[in-house]
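Keep in mind that the numbers below use all heavy atoms, side chains included, and drop hydrogens, waters and symmetry copies.
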Amino acid sequence: MKITAHGLNRATLARQLLLAREPLDVAEGVRRVVALQAQQPVSPYIALWNRLSGFDASGLDASVAGLRTVKATLMRLTLHAVHAEDYRTFREAMEPTLRGSRLGDPRFTASGLTADDAGELAADLLEFADRPRTAAEIGGRLEKRLGAPMESAAQRMLRQYVPLWHAPTGGPWSFGTRPSFVAAGERPVLADPEVAAGSLRELVRRYLEGFGPASVADMAQFATVQQARIRAAVLSLGGGLVRLEGPDGTVLYDVPGGLLPAEDVPAPPRLMAMWDSVLLAYADRSRVVPPEWRRHVTRVNGDVLPTLLVDGHVAGVWRAVEGGVEATAFRPLPGHVWEQLAVEAASLVAFLAPRDPVAYRRYDHWWVKGLPAAEVRLLPGE
């Protein structure tokens, strides 16, 4: 079977709940979309607002407080919000990557500690973090254990390696600027290649459920896992996956029965969160991000701006401002699209208003530095 570029786009939107908002509870919504990138605390909230009908921010608050949705360093070596029952598998799948990148980082090796030392320290920290602990408390524990201070950068590398969840600390979006950490509820098995390989197979399957069809390069990009490991996982899944031919002849894989909606199904406009997973989950990001706009959306330091999604593709960026949402279109948009975006903007303004009306304000400097603009409109709240 061959699939077109437009078909791939619609498959992604369907699986990511972006063709229509779905009546799911928060935990099930998070599980359906696999993982929500979460280095900015507001982003998972906006991501779910885009995907779930009747979504109320308090629902994610409760899911986080009840540790049904958890936040930790996982795919792409960054913070993600995932269903608690998925965490162990995802963390085990990421073990070789996290071990190499964090324990092999010069900021950690400069401490003089080895990976074996880190294993012993991890066991002690997991025991210590039986309740939320601040970074300062963890630093004190490490100093007591080592008999000497440990550089803050080395501590950070170790914390990102140890299976710790970010504990909710309050604030408008459950997590503040000073994180606390708690031991993962179900401990992953570390430093076991067979366990990592088995868990990677499951991560591949879950990724394809939420983002497929996709290539080996796409899967490797999503997780930041070596392509050789991905190929081995795909091979071991064997008949559990189906093969398709992509628009450029690339071999794509999918789960049997994966959603493949009709190519002509309409895709409503959306105001996507910063770092939304659909913008980052593929090696070939043209599935959602037109190549001519990519460098304007993903900035030189890795910031991925909040985007306008029009007919399933990035068509501009947005930011919250006093009085509404400022929408910058990279290309001319028809009147009916602006009308639909205005409806979305009014809903988003109402959603943000009680907590943080000017979300992402710290990234306004990208607008000051200049963006391509066919048209800029202020879309007011109601």
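For the pair Arg355/Tyr45, a side-chain contact is recorded, criterion being any heavy-atom separation below 4.5 Å from C-beta on. At a threshold of 4.5 Å between non-hydrogen side-chain atoms, the residues Leu309 and Leu13 count as touching. Under the 4.5 Å side-chain criterion, counting only non-hydrogen atoms from C-beta, Ile230 is not in contact with Phe222. Considering only heavy atoms from C-beta on, Trp49 stays 4.5 Å or farther from Leu352 through its side chain. The closest side-chain heavy-atom distance from Ser277 to Arg76 is below 4.5 Å. Residues Asp284 and Leu8 fail the side-chain proximity criterion, which asks for heavy atoms closer than 4.5 Å. A heavy-atom distance below 4.5 Å is not found between the side chains of Thr224 and Met75. Glu95 has its side chain within reach of Tyr161: a pair of non-hydrogen atoms, C-beta onward, lies under 4.5 Å apart.
Annotation: Glu151, atom CD; neighbour count of heavy atoms from other residues, nucleotides and ligands within 6.0 Å does not exceed 12.
Checked by atom type and distance alone, the side chain of Asp124 never pairs as donor or acceptor with a backbone atom of Glu120 at under 3.5 Å. Judged by distance alone, the side chain of Thr69 and the main-chain N or O of Ser63 form no donor-acceptor pair under 3.5 Å. Checked by atom type and distance alone, the side chain of Arg294 never pairs as donor or acceptor with a backbone atom of Ser286 at under 3.5 Å. The backbone N or O of Met150 lies less than 3.5 Å from a partner atom in the side chain of Gln155, making a donor-acceptor pair. Arg15 contributes a side-chain N or O that, together with a main-chain N or O of Leu259, makes up a donor-acceptor pair within less than 3.5 Å. Panel note: side chain Trp275, backbone Gly302; a donor-acceptor pair is recorded below 3.5 Å. Side-chain atoms of Thr89 never come within 3.5 Å of backbone atoms of Asp86 as a donor-acceptor pair (strictly under, hydrogens ignored). Between the Trp318 side chain and the Met272 main chain, a donor and an acceptor come within less than 3.5 Å of each other. The main-chain N or O of Ala329 is never found under 3.5 Å from a side-chain atom of Arg377 such that the two would form a donor-acceptor pair. In this structure a side-chain-to-backbone donor-acceptor pair under 3.5 Å is present from His6 to Glu263.
In this structure, Arg287 forms a cation-pi arrangement with Tyr282, its terminal cationic atom sitting closer than 6.0 Å to the ring centre and no more than 45° off the ring axis.
Note: Leu146 CG to Asp117 CG = 8.0 Å, rounded to the nearest 0.5 Å. Atom NE2 of residue His313 and atom OG1 of residue Thr307 lie 12.0 Å apart, to the nearest 0.5 angstrom. One distance of note links CH2 of Trp293 with CG of Leu371; it measures 11.0 Å at 0.5 Å rounding. Atom-to-atom distance recorded for Arg206:CZ and Arg31:CZ is 6.0 Å, nearest 0.5 angstrom. Once rounded to the nearest 0.5 Å, the distance linking CD of Glu22 with OG of Ser53 reads 7.5 Å. Rounding to the nearest 0.5 Å gives a distance of 8.0 Å between CD1 of Ile138 and OG of Ser180.
Between Leu77 and Ser101 the shortest heavy-atom distance is CD2-OG, 3.5 Å. Among all heavy-atom pairs drawn from Arg299 and Gly370, the shortest one is NH2-O, 4.1 Å. In terms of heavy-atom proximity, Arg131 sits nearest to Val182 at C-CG2, 4.0 Å. Closest of all the heavy-atom pairs between Ala47 and Ala273 is N-CB, 4.1 Å. Listed here is the closest heavy atom pair of Leu305 and Leu279: O-CD1, 4.4 Å. Shown here for Thr328 and Pro372, the closest heavy-atom pair between the two residues is CG2-O, 3.6 Å.
Here Arg270 does not pair with Asp276 in a salt bridge; the nearest charged N to carboxylate O distance is not below 4.0 Å. The residues Asp303 and Arg362 are annotated as not salt-bridged, no charged nitrogen and carboxylate oxygen being separated by less than 4.0 angstrom. A salt bridge links Glu344 with Arg21: the distance from a Lys NZ or Arg NE/NH1/NH2 to an Asp or Glu carboxylate oxygen falls below 4.0 Å. Arg141 and Glu137 are not joined by a salt bridge, as no carboxylate oxygen comes within less than 4.0 angstrom of a charged side-chain nitrogen. Between Glu326 and Arg319 there is a salt bridge, with a side-chain nitrogen of the basic residue lying less than 4.0 Å from a carboxylate oxygen of the acidic one. A salt bridge links Glu202 with Arg205: at least one charged nitrogen is closer than 4.0 Å to a carboxylate oxygen.
One hydrophobic cluster, built from ILVMFWY side chains closer than 4.5 Å, cannot hold both Leu79 and Val42; they sit in different ones. Linking Ile, Leu, Val, Met, Phe, Trp and Tyr residues whenever their side-chain heavy atoms come within less than 4.5 Å leaves Leu260 and Val288 in two separate clusters. Cluster annotation: Val251 is connected to Leu241 through the hydrophobic network of ILVMFWY side chains, with a link wherever side-chain heavy atoms come within less than 4.5 Å.
Tyr363 and His365 have tilted rings, their planes meeting at an angle from 30° to 60° on a 0 to 90° scale.
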Worksheet entry | Residues Tyr253, Leu237; criterion side-chain contact (heavy atoms from CB on, under 4.5 Å); working and verdict | CA-CA 11 Å; Tyr253 297 91; Leu237 285 165; over 6 Å; no
Derivation and outcome, side-chain contact (heavy atoms from CB on, under 4.5 Å), residues Leu17 and Leu24
CA-CA 10 Å; Leu17 311 181; Leu24 303 172; 4.0 Å; yes
List the steps, then state whether side-chain contact (heavy atoms from CB on, under 4.5 Å) holds for Leu142 with Leu125. CA-CA 8 Å; Leu142 289 169; Leu125 287 182; 4.1 Å; yes
Checklist entry - Are Ser215 and Asp218 close enough, and set up right, to give a side-chain hydrogen bond (donor to acceptor under 3.5 Å, both in side chains), and what steps lead you there? => result CA-CA 5 Å; Ser215 68; Asp218 291 328; 3.1 Å; yes
Worksheet entry | Chi angles and distances behind the side-chain hydrogen bond (donor to acceptor under 3.5 Å, both in side chains) call for Asp248, Thr250 | CA-CA 6 Å; Asp248 59 357; Thr250 300; 2.7 Å; yes
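Taking the six-membered ring for Trp and the full ring otherwise, the centers of Phe351 and Phe55 sit less than 6.0 Å from each other.
Checked by atom type, the side-chain pair Ser58/Asp61 shows no donor-acceptor distance below 3.5 Å.
Evaluation of the ring pair (Phe, Tyr, Trp, His ring centres under 6.0 Å) test over residues 83-119, restricted to residues two or more places apart or in two chains, returns Tyr87-Trp165.
Under the side chain to side chain donor-acceptor pair (under 3.5 Å) rule, Ser199 has a single partner from Glu194, Arg91, Glu92, which is Glu92.
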